[in-house]
Amino acid sequence: MKRAAIYMRVSTKNQEEEETIDNQKPELLERIKKDGNTLSPDCTYIDDGWPGTILERPGLDRMRADAGEKFDILYCYDRGRVARRFVYQEIVLDSLRAVDVEFSSLHDINGDSHEERLMGGVMGIFHEYERLKIT
């Protein structure tokens, strides 16, 4: 059993009004339970109304500071929640790997092999493309 954390983010007022944070949480909690892990106390990190195009966000900053000390695996709805810029996704994921924290995306490819990381990265690029199309 691993100590788990969750990170959730929405950026636009429309997303906030549609309660997409509330939509993400049950799915994340279900996956933690299915994997046989447990959500660590005080390890729910939220950036409500923060764009994924900036790296400095209160919830993300707190999560990165706690990584490795308070939790061993981070669950996220998808890589686009971590960041909408591919390079920022990689910065965050590399910082998690540096402290031996696993990253689990519910809707992207996960894995430890070079091929799986590459395919996860390709999906991350599409999250950045999606943001560009939205704007």
Decide yes or no for [X] and [Y]: does some side-chain heavy atom of the first lie under 4.5 Å from some side-chain heavy atom of the second?
{"X": "F71", "Y": "D66", "result": "yes"}
{"X": "M63", "Y": "L96", "result": "yes"}
{"X": "R81", "Y": "M8", "result": "no"}
{"X": "I21", "Y": "I46", "result": "yes"}
{"X": "I73", "Y": "R3", "result": "no"}
{"X": "W50", "Y": "P58", "result": "yes"}
{"X": "L74", "Y": "S104", "result": "no"}

Note to self: Walk me through whether T38 and I32 qualify under side-chain contact (heavy atoms from CB on, under 4.5 Å).
What the structure shows: CA-CA 6 Å; T38 184; I32 290 170; 5.6 Å; no
Check: Is E30 atom CD crowded by more than 12 heavy atoms from other residues, nucleotides or ligands, each under 6.0 Å away?
Finding: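 No, because the 6.0 Å sphere around CD of E30 holds 12 heavy atoms or fewer from other groups.
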Check: Given R64 and D61, is the salt bridge (Lys or Arg N to Asp or Glu O under 4.0 Å) satisfied, shown in steps?
Finding: CA-CA 5 Å; R64 292 175 71 193; D61 292 345; 5.1 Å; no
Next item on the list: Show your working on salt bridge (Lys or Arg N to Asp or Glu O under 4.0 Å) between R79 and E90 and close with a plain yes or no.
Entry: CA-CA 10 Å; R79 287 174 61 121; E90 290 301 305; 2.5 Å; yes
Main-chain N/O of [Y] paired with [X] side-chain donor or acceptor, under 3.5 Å:
{"X": "N37", "Y": "M1", "result": "no"}
{"X": "S40", "Y": "K70", "result": "yes"}
{"X": "D78", "Y": "H107", "result": "no"}
{"X": "R85", "Y": "G52", "result": "no"}

Check: If you group Ile, Leu, Val, Met, Phe, Trp and Tyr by side-chain heavy-atom gaps below 4.5 Å, do F103 and V87 land in one group?
Finding: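 In one cluster with F103: V87, yes.
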Next item on the list: Can you sort out the partners of D94 under salt bridge (Lys or Arg N to Asp or Glu O under 4.0 Å), two or more places apart, ordered by chain and number?
Entry: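 Partners of D94 by the salt bridge (Lys or Arg N to Asp or Glu O under 4.0 Å) criterion, ordered by chain and then number, come out as R97.
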Check: Residues in salt bridge (Lys or Arg N to Asp or Glu O under 4.0 Å) with D35, at least two apart?
Finding: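 Result, salt bridge (Lys or Arg N to Asp or Glu O under 4.0 Å) vs D35: R31.
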Straight-line distance of [X] [atom1] to [Y] [atom2], nearest 0.5 Å:
{"X": "L106", "Y": "E27", "atom1": "CG", "atom2": "CD", "result": "5.0 Å"}
{"X": "Q24", "Y": "C76", "atom1": "CD", "atom2": "SG", "result": "7.0 Å"}
{"X": "N23", "Y": "L28", "atom1": "CG", "atom2": "CG", "result": "11.0 Å"}
{"X": "D72", "Y": "E102", "atom1": "CG", "atom2": "CD", "result": "9.0 Å"}

Tell me the closest heavy-atom pair linking [X] and [Y], and the distance in Å.
{"X": "I54", "Y": "P51", "result": "CG1-O, 3.5 Å"}
{"X": "C43", "Y": "A4", "result": "CB-O, 3.9 Å"}
{"X": "V101", "Y": "G68", "result": "CG2-N, 3.3 Å"}

Item checked: Donor-acceptor side-chain pairing of Y7 and R57 below 3.5 angstrom ->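 Yes, side-chain donor-acceptor contact under 3.5 Å.
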